[in-house]
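Everything below concerns the one structure shown next.
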Amino acid sequence: MNINDFKSNDEITWCPGCGDFGILNSLKKALVTLGKEPKDILLVSGIGQAAKLPHYIKCNCFNGLHGRALPAAAGAKIANRSLTVIITTGDGDCYGEGGNHLIHNIRRNLDITVIVHNNQIYGLTKGQASPTTDLGYKTKVQTNGVILEPMHALEMAITLGCGFVSRGYSKDSDHLAWLIGEGIKHKGFSLIEVLQPCVTYNKKNTYEWYSQRVYKIDSNSYNPGDKAAAFQKAGEWGDKIPTGVIYRQDGESYEDRSGLNNIPPLVEEKIENIDLSACLKELS
Amino acid sequence: MNINDFKSNDEITWCPGCGDFGILNSLKKALVTLGKEPKDILLVSGIGQAAKLPHYIKCNCFNGLHGRALPAAAGAKIANRSLTVIITTGDGDCYGEGGNHLIHNIRRNLDITVIVHNNQIYGLTKGQASPTTDLGYKTKVQTNGVILEPMHALEMAITLGCGFVSRGYSKDSDHLAWLIGEGIKHKGFSLIEVLQPCVTYNKKNTYEWYSQRVYKIDSNSYNPGDKAAAFQKAGEWGDKIPTGVIYRQDGESYEDRSGLNNIPPLVEEKIENIDLSACLKELS
Amino acid sequence: MGELTIKIAGEAGQGTQTIGTALCAMFKKLGRYIFANQDYMSRVRGGNNFFQLRICDKPVQALKAKADILIALDKKSVDLHRAVITERGIIILDKAKFGIADDEKIFFDVPFYRMAQDSGGSDIYINTVCCGVIAGLTGAGFERLEEVIQEAFAGKEEGISGKNVSAARAGYDFAKNNFKDEKFRQVPGPAKETLLMNANEAIALGAIKAGCKFYSAYPMTPSTSIMDTISRFSGKFNIVVEQAEDEIAAVNMIIGASFAGARSMAATSGGGFALMVEGVSLSGMTETPIVIVEAQRPAPATGFPTRTEQADLDFVIHAGHGEFAKAVYSPGTIEEAFYLTLKAFNLAEKYQIPVFIMTDQHLADSLRNIEPLDLNKVGVQRYIISKEDSAKLSGYKRYVLTPSGISPRAVPGWINDVVYADSDEHTEEGHITEDAALRVKMVEKRFYKKMAGLVQEIEKPTVFNLEKADTVLLGFGSTYGVMQEACETFADGSLGFVHLAQVWPFPVTELSLLLKGKKNIISVENNAAGQLGKLLMREAGIKVSCSVLRYDGRPFDLEYLLERIKELKG
Amino acid sequence: MGELTIKIAGEAGQGTQTIGTALCAMFKKLGRYIFANQDYMSRVRGGNNFFQLRICDKPVQALKAKADILIALDKKSVDLHRAVITERGIIILDKAKFGIADDEKIFFDVPFYRMAQDSGGSDIYINTVCCGVIAGLTGAGFERLEEVIQEAFAGKEEGISGKNVSAARAGYDFAKNNFKDEKFRQVPGPAKETLLMNANEAIALGAIKAGCKFYSAYPMTPSTSIMDTISRFSGKFNIVVEQAEDEIAAVNMIIGASFAGARSMAATSGGGFALMVEGVSLSGMTETPIVIVEAQRPAPATGFPTRTEQADLDFVIHAGHGEFAKAVYSPGTIEEAFYLTLKAFNLAEKYQIPVFIMTDQHLADSLRNIEPLDLNKVGVQRYIISKEDSAKLSGYKRYVLTPSGISPRAVPGWINDVVYADSDEHTEEGHITEDAALRVKMVEKRFYKKMAGLVQEIEKPTVFNLEKADTVLLGFGSTYGVMQEACETFADGSLGFVHLAQVWPFPVTELSLLLKGKKNIISVENNAAGQLGKLLMREAGIKVSCSVLRYDGRPFDLEYLLERIKELKG
Ligand SMILES: Cc1ncc(C[n+]2csc(CCOP(=O)(O)OP(=O)(O)O)c2C)c(N)n1
Ligand SMILES: Cc1ncc(C[n+]2csc(CCOP(=O)(O)OP(=O)(O)O)c2C)c(N)n1
Ligand code: SF4
Ligand code: SF4
Ligand SMILES: [Mg+2]
Ligand SMILES: [Mg+2]
């Protein structure tokens, strides 16, 4: 596999300079390293700028409803566990409209990887506050500035038992590619939140703003298996913003516990001649 | 005010012995102590056994849709901030169907109090797993036992910035009444999760099971303002289950930040003769 | 001898359902035909529920308003139900326990509380005592009841079964000794080899047989027993049943699973369906087959959670923003529920659309003993590119334009190309487009062409007595049985009916033919608006003369319908 | 002199809208009437968008397919739009910048990129240069453009305004010097004192005037500018605008706020509305007034997010499980959008029901200069128990049965009693019930009686030319303007139209009268199913002879409609 194997012919409609380009490139790199064919990978998304990504890469794509990427992905993974399932979603898509699915899919712990393009704004709908917009940021709707506490999604994910919680930066291409690769390798629900500048509507959290603040977690001194430390780390925001794997904990996946791993993928089941006689006997 | 002032004439339809009775009594006690009239209190609920509670007490009641108590309560509080707004909801209602509203109303931080009747089961629909059902518990749907990690709602609430996070036990009547009172007094979103035995459908987490495990947090040695300690405490489950105020942190409420506190309740606004001329000038 | 209606009434939790199902099993062993319906409250204890079974020597499909025998498990039941007892009827009750002193002719006093204590040592044995009483009263034979008990308690704790047998025996003997009249006598009938089930079980079995591999739902009465039944057998057939966090998740999960190639289903009731409506539109746009059961209950909002209504017809056929093809089945019987579920999966896959099975609480919860299902009547037809063919494919376009509107559907991972599915308006490849001309083609594909195909495959309406009838009843869904029995009471054949087991696409051609020249068409609907009558007007330009409606949350009973018809038939 | 259509096309982000609105303002100052519509893609940069304004000396309400002047901001725009230029038309373009060598008669080459750099030092000044060119070409007068610029940049950084004025001047002078033809000349007209706004702004103003105190929504094109406009003025009027976490929250929040006594509204588009449908049913059941705007866009699913369609008619009128009263307005003009929003709040409060304002992207985004609104035409009528009366009240029952079906509505906290509202079937007090007889009364209250009341208050259809017309167009919503202009082109009065500004309850009586004896009724709809025509059949038993449909995501232009009508009128 090389980068060209993942080339899509679809025209990219993001604004020039958008942080989404960086994520697209890192994802492609990660997939090259993964070594799987495009046909064995499924990208699932909702609606938003972030959610357009699956069109811009050659993999299977299910571009569903705003906020509903996760359940569609969960269903697809259950139906065919041999697919590598990756979700590309926005801060609005995943944390706003889709918040309930995030909570419960972390609990479900299917072996899927979620990449949240966090531009701290609703990009596609032209600049309203998202759940991660900083306090005080003004928009056409939040005319006096945002008054809701930004959502601490990474901390939340840790409390819910997510076994892979991480943050990347769209400009940090190789690091992000590595992070995505680690997320895919993790057997269970992996959350990768990516700092993604929106050059058009987020005039605060710009490339400059992020670049001044992000740092890579030192993998020698930091133990991502330490939950208490992870809470601490996940909570850092402001002058210093950590990137890297914040929390990591192996555990049984849905596929393990449900028994899916002991049978062929559901989609391979023969269904033409199912015999009901035993059920009928049991029922009557 | 005394207990009889809160007496409703509606027939109670809970099973004899249900933990919900204890919560009803504690709530009444708390309201007596609060000293407000029934007409100045609004109970909001969704659907479930827990959600029937507002009918069994004399207060204003909005018994809405399954999972949607919180947004209805938020709307009512915004419209009339002089009402004391209390939500009675179940583990399914609040954490399952209503999960997204929980997350975002914690962020919204209106001065409302949420009492989650946590019987770790769907009672009204006859015994399916809820988001808090213990791993391995078998039901008609979860025939091989629950395989999803139970939801750690209290820990989650802390990460989202909830300023009052607590747990009560429906059998511990005075303690629960006190807890509810504290929750109401807290200026902001207060979460009170109550261990509530379902004598009909939860054959594991019974009165006996809970009574053997619950203990009251020692208010001398425990500092509910310490977030790290609170995570620890909120995470305790198993042989020992803490009850009491787990996390407490004052902060600005929605009413403060939105400016609602600087104007009369919206419902008092005169609307008969609104003058648009300034808007028209500005627009054209 | 003739037919008999037994009603068991009591508080929730007292075992009305336990008694009822045991009696159903007993009478089935006797070879009698049974129709049993349930009336219960949205609570787990207390209140007043009942289970009513009608027993006959020929198939029965509807309930009657009046019972011949009322088993009253508490005093309240005596008061609540005494008005609906037939002239010859009796009330079985425990006068001592209920503190009733009056000696009324209608009472058959059975000290079942005391007998339960005596024979089993606990009040819970009153259920079995009552069953024994019925066995005695009706001459159903003690050995049949004993068999039922043994089957029910097989594998349970030692001794339980024995105690139940003694309790039953006590009841049986009591009846034999104290009730000398033979008026309720039931003789062996031909229905031994039947299947006793309700429509929810039939739907679950239909789904299993159709190859449903993924089921997701959020519990909601009266749909939940579909999930229970599929769960019960899921291990046997490698089916995953996943309880969703909400109905939105359920519908999107089944869409995802179906996109990946697995046949998938969800079930819910009106309020849960309301939350799925956006997903329905997604299924239409992405052309992903799904099957959804909408088990109606009285609404709006929470309504009557445990009762019945047919008021979601308009809501379901118009569900989802935008225009796209869909199909809506409305089975009238338990058998139809089974066969149409199978068809629903085939049709959904063939047209790559959402297909709905619209039922209601009455159909979902009512039991009947039906003739053995023909397991080969509806075969599984697949409409995906087989794994074999997949290997040979290249240049795949998910939404390639074809004359039928149907594009070959590939399973991701099976073909060498990739599959793009999209909720935006899209190109043949499945990428987002803004093109006006393409939009027109895609609307025609998803809507006009597929609807044209679906119209060719509409389930034929069931007709009865149409040639002779001067008055024709028109119904859909659960009213089938009551319409049929109503027509049968008119020996002169002057009443006929047309029953629609499919309401969308609407069977315009069929109905135009069938109803041609009929002056008196009466729609029979469990709703307040007469929605079916209006739909008939909109689609076929045919006007009903009137509608017989019921919207109190209760199903039609035979007497209710007959009374209205007699008024209207003149 | 006559009318003129100017189209500004370019990539998203190039400023087509900025130029367009500036030109609207300029021509308004000249007293011309304007109709402007927008065509944009669901992306923030790139692609191809356009803004088209039609300028006239009498009010105009529809767009034309062909433009007289195309301002092409990029090369692609030249290619894309040259086919839709009138015979006398020109294309303003920057040949050097676009690398176009050909010298075509239709080109008016303006080096606006170089001029922008020269006058302002940046490409962004091309917008103002282009405005200057138009001012020059049309003789709109430089001073008017200068005023527009000064107003737009008032309060902005020093110097910006000046640079823009120079850029405009450069464009103006260039046109004056290089375009000698007077064919596009515009003379002063009577429309100076008009208001330039779109329907979303009109709805926002209507809501503010109606006393809406709580607005909650989740952003969704094309509804979002309602939220923007209310937010903009929220401080002035003590309105809380709360962006919800999802549409379900939005609808439940407004229901909660309304229950508490505040007039409340939400707006969304089809997909978001799909998520509100359960809440709609809740509003019906709890009898809590709400107003919801459904700004339609092409569906299913995500569809064409920024384009127009009228395909949610059936979906909206049947929204919500169960049966309950609702009303659906479908304003045809910006003025109606304002007045009907006011009425919607009154009606919702009077009947304690959900009221919908159904619009679409075309109506929402199109600008017109309208005559000053009559701010007293629709007064605020309140239907809650006043605070004064509340104090005297006792024995309050929220759902007390009345002949009208309407129970007096108290504000919790104002009366001394408490208020119980319930989503289950309930007693008059508002407690959960299982009673059949009460159910019947409550269905009759919520559905039959309220509908009967609503029927008395249906908004009268607008009619045009009905007496003489042999052919009658029938439409709802945004097709008003184009139907009117189409009819006006038939000088013999042989074409008339009926426009419905309210589609539910359906104006059966009115239409039966109006359409009586009309042989050729043509429904004009921006959808594929001809939903309005079918609704007419269902409700009034009147058949349309055919439907003129458009479902490519674009609004009707006058030529499109006229062509179809000529075919059909024979
Ligand atoms: C049900 C529904 N509600 C609203 C929308 C409109 N909508 C489309 S994208 C979007 C927000 C996108 O924000 P985010 O997920 O952060 O993505 P971004 O564009 O910032 O990458 C919204 C509100 C929709 N398509 N569907
Ligand atoms: C939209 C919707 N989905 C499902 C239901 C059915 N339902 C009613 S209550 C309930 C669960 C109740 O569980 P919980 O909230 O834990 O309350 P409990 O009865 O245990 O107190 C469900 C699934 C409903 N009423 N509405
Ligand atoms: S609006 Fe923002 S997020 Fe969207 S493409 Fe442009 S820069 Fe990226
Ligand atoms: S089912 Fe459980 S929760 Fe519901 S009333 Fe009975 S004991 Fe309480
Ligand atoms: Mg975003
Ligand atoms: Mg519960």
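So that the names make sense, note that chain A is the first sequence line, chain B the second, and so on, each numbered from 1.
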Heavy-atom side-chain proximity of Arg43(D) to Glu11(A) below 4.5 angstrom: yes

Checking Thr13(A) against chain D: side chain, backbone, both or neither under 4.5 Å from a heavy atom? both

More than 12 foreign heavy atoms under 6.0 Å from NZ of Lys138(A): is that the case here? no

Drop me the distance from Leu148(A)'s CG to Glu242(D)'s CD, to the nearest 0.5 angstrom. 5.5 Å

Does any non-hydrogen side-chain atom of Glu97(A) lie less than 4.5 Å from one of Leu275(D)? yes

State, to 0.1 Å, how close Lys52(A) and Ser42(D) come at their nearest heavy-atom pair, and which atoms those are. NZ-O, 3.1 Å

Would you mind reporting whether Thr200(A) and Arg45(D) have side-chain heavy atoms less than 4.5 Å apart? yes

Atom OG of Ser231(D) and atom CG of Asn144(A): how far apart are they, to the nearest 0.5 Å? 9.5 Å

Exceeds 12 heavy-atom contacts within 6.0 angstrom, atom NZ of Lys76(D): yes

Rounding to 0.5 Å, atoms OG1 (Thr125(A)) and OH (Tyr218(D)) come to a distance of 7.5 Å

Kindly compute the distance separating OG1 (Thr224(D)) from NZ (Lys140(A)), expressed to the nearest 0.5 Å. 10.0 Å

Leu124(A) CG to Thr221(D) OG1 distance, which is reported to the nearest 0.5 Å: 7.0 Å

Nearest 0.5 angstrom please: Glu11(D) CD to Cys15(A) SG, how far? 10.5 Å

Could you check whether atom NZ of Lys7(A) has more than 12 heavy atoms from other residues, nucleotides or ligands sitting under 6.0 Å from it? no

Pick from Tyr95(A), Trp14(A), Tyr201(A): which one has the most heavy-atom pairs with chain D under 4.5 Å? Tyr201(A)

Any chance you could lay out the side-chain hydrogen bond (donor to acceptor under 3.5 Å, both in side chains) test for Gln243(D) and Gln142(A), step after step, and finish with the verdict? CA-CA 8 Å; Gln243(D) 185 178 313; Gln142(A) 287 76 25; 2.7 Å; yes

